[in-house]
Amino acid sequence: MKKYAAIAAIMMMTTAPVFAAQGGFNGPTAAPAQTQTETQKGGFVDNDANLTTAAKVKDLKDDSWVKLRGNITQRLSDDRYTFRDESGTVDVEIDHKRWNGVTVTPQDKVEIQGKVDKEWNEFEIDVKQVIKLNK
């Protein structure tokens, strides 16, 4: 009988951390709790949800994360370029390491992701990733 009690006690101690692992912030602005089955669901994610335009970028705050689709039309200096989409143009800064071997021409459609960089009277997009899109 003592064996069964010991086994039951060991099972309870080893499974308790699994139930206690669900944590996070709990307060007035906390997100609704997700059940384990909700976090395991899969499905479609709309990649266009976070997409913005060159015209809208000008109104965003410094360090805002952006994703734009269009064309890199001109090289302005070593790592500065002009990016154009259907709404207009914006200057972008693309460090050499951010190209990751991708070569694009003004005719190639690209997706760029990065942060808004505003300084006094100037602003540009500090690009963190360049993705060449299929036509």
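In this chain, numbering begins with 1 at the start of the sequence shown.
The structure places CG of N134 at 10.5 Å from CG of D108, a figure rounded to the nearest 0.5 Å. Rounding to the nearest 0.5 angstrom, the gap separating the NZ atom in K67 from the CD1 atom in I131 is 7.5 Å.
The main-chain N or O of T82 is never found under 3.5 Å from a side-chain atom of D91 such that the two would form a donor-acceptor pair.
Within 6.0 Å of the NZ atom in K118, the count of heavy atoms belonging to other residues, nucleotides or ligands exceeds 12. A 6.0 Å sphere centred on NZ of K132 holds more than 12 heavy atoms belonging to other residues, nucleotides or ligands.
Side-chain contact check for D85 and S87: at least one donor-acceptor pair (N or O, by modelled atom type) lies under 3.5 Å.
Take D95 and apply the side chain to side chain contact (heavy atoms under 4.5 Å, CB included) test, not counting sequence neighbours, and it matches D79, E93, K97, R98.
Closest approach of E86 to R69, counting heavy atoms only: OE1-O, 4.5 Å. In plain terms, the two heavy atoms of T52 and K56 that are nearest each other are OG1-CB, 3.5 Å.
In the hydrophobic clustering, L60 connects to V57, V66, L68, I72, Y81, F83, V90, V92, I94, W99, V102, V104, V110, I112, V116, F123, I125, V127, V130, either directly or through intervening members, whenever side-chain heavy atoms lie under 4.5 Å apart.
For the pair D117/D62, a side-chain contact is recorded, criterion being any heavy-atom separation below 4.5 Å from C-beta on.
A salt bridge links D126 with K128: at least one charged nitrogen is closer than 4.0 Å to a carboxylate oxygen.
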